[in-house]
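Accompanying notes for the structure given below.
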Amino acid sequence: MYYEDQGNQYDLWWDDVEYSSDDHYEENDTLAAAYDLSSDEQTWLSTINGYGIQADRDWYRIEVTPGMRGYW
Ligand SMILES: [Ca+2]
Ligand SMILES: [Ca+2]
């Protein structure tokens with residue numbers, strides 16, 4: 001399932017930093033344009049292509065096996 005408010009439980013860690021431009025995962029402003037992280041399991045976002053910066057809406061696609069928990 002890739003859409004919001006599905007009652008799934010997850011942990012989300014973030015840090016706030018100053019920025020002057022957006023990240024390298026753009027354009028990912030819609031569900032249809034979500035950046036696909038499904039092949040980057042157990043990898044910090046910052047090691048894929050730098051930190052994510054939320055200057056606008058950001059969507060990321062992950063896959064969680066039914067019955068399992070997602071950590072990111
Ligand atoms: Ca962004
Ligand atoms: Ca975005």
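Computed over heavy atoms, backbone and side chain alike; hydrogens, waters and symmetry mates excluded.
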Side chain to side chain contact (heavy atoms under 4.5 Å, CB included) partners for S21, two or more places apart:
none

Side chain to side chain contact (heavy atoms under 4.5 Å, CB included) with E41: which residues, sequence neighbours excluded?
none

Hey, quick one: are W59 and Y51 part of the same hydrophobic cluster, counting side-chain heavy atoms closer than 4.5 Å, chains of contacts allowed?
no

Taking all heavy atoms of A55 and all of D22, pick out the closest pair and write down the distance.
CB-OD2, 3.5 Å

Between D29 and E26, the two heavy atoms sitting closest are OD1-OE1, 2.9 Å

Separation between CG of L31 and CZ of R57, rounded to the nearest 0.5 Å
11.5 Å

Against H24, only a single residue in N49, I53, I48 fulfils side-chain contact (heavy atoms from CB on, under 4.5 Å); can you say which?
N49

Which side-chain N or O atoms in residues 32-40 pair as donor and acceptor under 3.5 Å with protein atoms at least two apart or in another chain?
from	atom 1	to	atom 2	distance (Å)
D36	OD1	S38	N	2.8
D36	OD1	S38	OG	2.6
D36	OD2	S38	OG	3.3

Can you name the ring-ring contact (aromatic ring centres under 6.0 Å, His included) partners of Y60, sequence neighbours left out?
Y25

